[in-house]
Amino acid sequence: MKNAPPRKGPTVAAKPVAERVKRLVVLVSGSGTNLQALLDEIAAVGPEAYGAEVVAVGADRENIEGLARAERAGLPTFVRKVKDHGSREEWDAALADAVSAHEPDLVISAGFMKIVGKEFLARFGGRFVNTHPALLPSFPGAHGVRDALAYGARVTGCTVHFVDDGVDTGPIIAQGVVEIRDEDDESALHERIKEVERRLLVEVVGRLARNGYRIEGRKVVIQ
Ligand code: GRF
């Protein structure tokens, strides 16, 4: 009798599965499309396969679409406004307390337009991820898209990075490139950047959560 050919089993996805589903707190200030991209991906593949779930969404202002998206998803939300606190330091500590109450593994700044302070970084440094709409270290700050356009750069993009005590200076995790077109204005360019940015953020946060990582100086090594 001839030997039967080796049986082909079902193809098993090589995606590593996190030992534990990681807890994400996402901070927003605006429309929250990056938050939505995370929520959609987690809903599509499931928290176990993605490696993380969003446990709460925080903001520095009320009445924003980012918070409405969180509420529609049934997530707890919190708002800490600078002007409700005696000083910037008090606000920073209040924000850190609010985030900490949800025991996050990672905190994601997804269009959160505030610079956090010492207390927040002491508690969440090394696990606080930001997404910026330019190719850092070029064009840091609040107007990364406008500044790249005004400079006459031919390419720009987005950077997902860990937050340190500078403005958009922390270790870079991943970047995506977007060409600048002659006819671009700030809003058209920002929309194209955000398409790349949402995919990059979803991909990077999932990899950090599933695989683990270490930060060696300026290098981020995802295991
Ligand atoms: C993103 O481009 C982010 O990098 C920038 O603001 C935008 C936020 O977009 N800081 P959204 O609120 O996630 O739609």
Side-chain angles (χ1 to χ4, degrees), residues 24-44 52 54 56-73 75 77-82 95 99 104 106-116 120 124 128-151 153 155-164 166-181 184-206 208 220:
L24 309 176
V25 169
V26 181
L27 300 179
V28 296
S29 297
S31 63
T33 64
N34 281 282
L35 164 68
Q36 191 68 56
L38 285 165
L39 294 174
D40 290 349
E41 178 69 8
I42 294 166
V54 179
V57 174
D60 61 327
R61 61 196 76 184
E62 280 156 352
N63 302 320
I64 53 170
E65 185 57 19
L67 286 175
R69 289 175 192 276
E71 279 153 20
R72 286 199 292 273
L75 292 169
T77 62
F78 57 88
V79 176
R80 295 293 178 277
K81 297 184 211 167
V82 174
L95 181 71
V99 169
L106 290 170
V107 183
I108 314 296
S109 159
F112 185 61
M113 298 305 283
K114 288 280 182 303
I115 307 289
V116 300
F120 194 96
F124 301 108
F128 184 29
V129 174
N130 181 47
T131 173
H132 178 76
L135 291 174
L136 295 172
S138 294
F139 313 118
H143 304 292
V145 180
R146 188 188 306 172
D147 294 346
L149 205 52
Y151 193 88
V155 293
T156 184
C158 50
T159 303
V160 179
H161 66 98
F162 284 107
V163 178
D164 68 5
V167 176
D168 300 322
T169 52
I172 291 171
I173 310 168
Q175 295 184 296
V177 178
V178 174
E179 266 186 54
I180 297 179
R181 298 177 185 159
D184 268 337
D185 60 11
E186 185 180 352
S187 119
L189 178 58
H190 200 173
E191 276 314 308
R192 288 209 317 290
I193 291 172
K194 282 174 68 167
E195 282 171 28
V196 176
E197 189 177 25
R198 289 190 282 263
R199 285 197 297 274
L200 191 70
L201 184 69
V202 165
E203 197 245 320
V204 164
V205 171
L208 293 173
V220 178

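When a ligand or atom number is given, it counts from 1 through the structure's own listing order. Everything numeric here is computed off the predicted structure, so don't read it as measured data. The basis for the numbers below is simple: all heavy atoms, side chains too, and nothing from hydrogens, waters or symmetry mates.
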Novice: Just going by heavy-atom distances, which of Ser31, Ser29, Gly144 is nearest to atom 14 (O) of ligand 1?
Specialist: Ser31

Novice: Please name the residue in the list Asn34, Thr33, Asp40 that meets the side-chain hydrogen bond (donor to acceptor under 3.5 Å, both in side chains) test with Gln36.
Specialist: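 Of the listed options, the one satisfying the test is Asp40.
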
Novice: Determine, considering heavy atoms only, which of His190, His143, Gln36, Lys194 sits nearest to atom 9 (O) of ligand 1.
Specialist: Lys194

Novice: Mark up the atoms of ligand 1 that fall under 4.0 Å of a heavy atom belonging to Thr131, in ascending order.
Specialist: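 Within the 4.0 Å cut-off of Thr131, ligand 1 contributes 3 (C), 4 (O).
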
Novice: Check ligand 1 against Thr33 and write out every atom of the ligand that is under 4.0 Å from a heavy-atom position of the residue.
Specialist: 11 (P), 12 (O), 13 (O), 14 (O)

Novice: Counting distance only, does the side-chain N/O of Thr159 pair as donor-acceptor with the main-chain N or O of Ala134 below 3.5 Å?
Specialist: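 Confirmed, Thr159 side chain pairs with Ala134 backbone.
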
Novice: For a side-chain contact (heavy atoms from CB on, under 4.5 Å) with Lys114, tell me which candidate from Arg61, Lys81, Arg80 qualifies.
Specialist: Arg61

Novice: Is Val28 close enough to touch ligand 1? Criterion: a residue heavy atom under 4.0 Å from a ligand atom.
Specialist: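 No heavy atom of Val28 comes that close to ligand 1.
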
Novice: Is the contact between Arg198 and ligand 1 made by the side chain, the backbone, both, or neither, using heavy atoms and a 4.0 Å cut-off?
Specialist: neither

Novice: Test side-chain contact (heavy atoms from CB on, under 4.5 Å) on Leu200 and Glu197; report intermediate values, then the result.
Specialist: CA-CA 5 Å; Leu200 191 70; Glu197 189 177 25; 5.7 Å; no

Novice: Backbone N or O of Leu136 within a donor-acceptor pair of the Gln175 side chain at under 3.5 Å?
Specialist: yes

Novice: Could you identify the single nearest non-hydrogen protein atom to atom 8 (C) of ligand 1 and state the distance to 0.1 Å?
Specialist: Gly111 CA, 3.7 Å

Novice: Verify the neighbour count for atom CD of Glu179: are there more than 12 heavy atoms of other residues, nucleotides or ligands below 6.0 Å?
Specialist: no

Novice: Where the side chain of His190 meets the backbone of Arg146, is there a donor-acceptor pair that is under 3.5 Å apart?
Specialist: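 The answer is no, because no donor-acceptor pair under 3.5 Å joins these two groups.
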
Novice: Which residue and non-hydrogen atom of the protein lie closest to atom 4 (O) of ligand 1, and at what distance in Å?
Specialist: Glu197 OE2, 2.4 Å

Novice: Identify, by atom number and element, the atoms of ligand 1 in contact range of Met113, meaning under 4.0 Å from any of its heavy atoms.
Specialist: 10 (N)

Novice: Can you confirm, on distance only, whether ligand 1 has an N/O atom lying under 3.5 Å from any N/O atom belonging to Gly32?
Specialist: yes

